[in-house]
Protein chains: 2
Amino acid sequence: MSHIDRSLIAELPLFADMPAAALDDILHEARSLRYPKGKAVFQQNEEAHSFFVLLHGRLRVTQVTADGQQIVVRFVGPGEIFGVAQAIGRKDYPGTATAVTDSIALAWPASAWQPMIARYPQLASRTLQTVGGRLQDAHSRLREISTEQVERRVARALLRLTHQAGRKTPEGVLVDFPVTRQDIAELTGTTLYTVSRILSAWESNGWVEGGRQRILVRDPHRIFLLAEGDGT
Amino acid sequence: MSHIDRSLIAELPLFADMPAAALDDILHEARSLRYPKGKAVFQQNEEAHSFFVLLHGRLRVTQVTADGQQIVVRFVGPGEIFGVAQAIGRKDYPGTATAVTDSIALAWPASAWQPMIARYPQLASRTLQTVGGRLQDAHSRLREISTEQVERRVARALLRLTHQAGRKTPEGVLVDFPVTRQDIAELTGTTLYTVSRILSAWESNGWVEGGRQRILVRDPHRIFLLAEGDGT
DNA sequence: CAAGCTTTTTGCGCCTGCTCAAACACTTTC
DNA sequence: GAAAGTGTTTGAGCAGGCGCAAAAAGCTTG
């Protein structure tokens, strides 16, 4: 059995202020797994055999409808807990998690969840906060998709992406993982054609710079105004 | 200080299998409050002073956008915990909860949450399941609103309403609290005009029967087919 | 029971954004 | 470095559903 060093997780909010012995105890059941770009960590409807903490990389969580349409539920970044299906009372995963960059995750068997929160109740409490935050995100998206026009929704999605994974460059803020127009369409409830048109228009204004699976925001304030401002 | 009988909550899933002493302990800090139809239990952005369990009645939870547009987040029914803002790490309520029928709720001060889950960890675990369920609902709605046409979304919303609060009558299933066309529009991300047109069309087919703040589903299977079926 | 208010219906015109098609650009593979 | 694969752009046409307006239908209040 491979040993996992507690320093890998000691800094994460989920495990903050936990004694070293507790961290070692928690890590005892964990495996560390590599997911090369494109590989799925788990599939929608698959039995929820594990839950995870992402150590490195980036995942895209999607759901497909009965007729094959897809939406992007969220992107998962380092330090986040994910795949907590059994914690919210599900037997299977409600979505598919796919690595969009080479990723490393810790995995615990689903059966470890109950004993773990029994011994360390703050884990339940912190997971509740995480899930609560996701619920609010989902409600924000519902509010936006219900009431706002596509361009504004795309602006908001782009801002979120830069906050989640923005890397500052001399040119502006770059979304630091591969994102397709299709991804943005599935985040905002529109089509890849419409996203492409909107980004092209912004690019011709010099506000962003596109590229294959690449978006650089040259003028974040401008995008912010599109997202939040009045019609001016 | 008024005493609240533990029999009021002993049957609720949230408190299932808890000893009588624990229930009494939990109830010690609770107040029971009446909300006549139309009164708000709490307002969006208000400081989250309390969390609640609904004993009787029905609430509508809404959010308004900066420019005054509104969406319906959910309806709350008897037995449900709600207003758990502080449990998910918020200082204020993210939405407004309004009684749509005369309602009675138990209220605990927000400050009681941490001690309560420290003493009864299963409360955190069960709240996590509740919030997780809401997250899945929100994702379902996002999926639907992103990928489906309005008529199908209205069909789904109507089915949900009948499952949440349907009363069987000889004529069909009646949604057992006042729902306006506007409510359904705000649930499905459309306008009250479109909802009215759709319900009128269904009514002329004999599948539903409308009325002021009233919807009777005469042919639930038909509505189910609209929601789930292929295009036939 | 008349007046006033809220909710619902319906008509009409229009626009946002979708669909489909085709070309183009960039990467990866052999 | 050609070929194949994947992602992006752009045009043209069209329609689902929105916005507005006005009337009708139900409550409810004095």
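These numbers come from a predicted model, not from an experiment. Numbers restart at 1 for each chain; the letters A, B, ... are given by sequence-line order, proteins then strands.
- The shortest heavy-atom contact between A:Ile4 and A:Leu27 is O-CD1, 3.5 Å.
- Within 4.0 Å of B:Leu199, counting heavy atoms only, lies no atom of the nucleic acid at all.
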Detail all sub-3.5 Å separations between protein N/O atoms and N/O atoms belonging to nucleotides 24-29 of chain C.
| unit_1 | atom_1 | unit_2 | atom_2 | d |
| --- | --- | --- | --- | --- |
| C:dC26 | O2 | A:Arg212 | NH1 | 3.2 |

In sequence, state the C-alpha distance, the side-chain angles, and the governing distance for A:Glu80 and A:Arg134, and then conclude on salt bridge (Lys or Arg N to Asp or Glu O under 4.0 Å).
CA-CA 12 Å; A:Glu80 284 186 60; A:Arg134 289 178 191 171; 3.7 Å; yes

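- Taking 4.5 Å as the limit, some side-chain heavy atom of B:Glu203 sits within range of a side-chain heavy atom of B:Glu209.
- Side-chain N/O atoms of A:Thr191 include one lying less than 4.0 angstrom from OP1 or OP2 on C:dC18.
- Looking at A:Lys168, A:Arg167, A:Arg214 one by one, the single match for salt bridge (Lys or Arg N to Asp or Glu O under 4.0 Å) with A:Asp176 turns out to be A:Arg167.
- Residue A:Thr194 places at least one side-chain N or O closer than 4.0 Å to OP1 or OP2 of C:dC18.
- For B:Tyr193, whose side chain is taken as the heavy atoms from C-beta onward, the closest listed nucleotide among C:dG17, C:dC20, C:dT10 is C:dT10.
- Atoms CD (A:Glu151) and P (C:dT16) sit 11 Å apart, rounded to a whole Å.
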For A:Asp183 and A:Arg60, what are the C-alpha separation, side-chain angles and deciding distance, and is it a salt bridge (Lys or Arg N to Asp or Glu O under 4.0 Å)?
CA-CA 9 Å; A:Asp183 288 335; A:Arg60 182 183 52 222; 3.0 Å; yes

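- Read 5' to 3', the first and last nucleotides of DNA chain D with an atom closer than 4.0 Å to a heavy atom of chain A are D:dG5 to D:dA12.
- Nearer to the 5' terminus of DNA chain D, by closest-nucleotide assignment, is the contact made by A:Leu192 (compared with the other of A:Leu192 and B:Gly189).
- Applying the 4.0 Å criterion to OP1 and OP2 of C:dC18, one finds that A:Thr190 has a side-chain N or O inside that range.
- Following rounding to the nearest Å, A:Arg181 (CZ) and C:dC18 (P) show an atom-to-atom distance of 16 Å.
- Ring geometry, A:Phe51 versus A:Trp113: the interplanar angle exceeds 60°, so the pair is classed perpendicular (tilted spans 30 to 60°).
- A sub-4.0 Å separation between OP1 or OP2 of C:dT8 and a side-chain N or O of B:Ser196 is absent.
- Using a 4.0 Å heavy-atom distance criterion, A:Gly210 is classed as making no nucleic acid contact.
- Among the candidates A:Val173, A:Leu174, A:Thr162, the single residue satisfying the side chain to side chain contact (heavy atoms under 4.5 Å, CB included) test with A:Leu216 is A:Leu174.
- Note: CD (B:Gln213) to C1' (C:dT6) measures 8 Å, nearest angstrom.
- We find that CZ of A:Arg197 is positioned 12 Å from C1' of C:dT16, with the value rounded to whole Å.
- Ring-centre distance between A:Tyr93 and A:His49: below the 6.0 Å cut-off.
- Donor-acceptor pairing under 3.5 Å, judged by distance alone, is absent between the side chain of A:Arg153 and the base of C:dT16.
- For the salt bridge (Lys or Arg N to Asp or Glu O under 4.0 Å) test with A:Glu228, the passing option among A:Arg156, A:Arg152, A:Arg222 is A:Arg156; the others fail.
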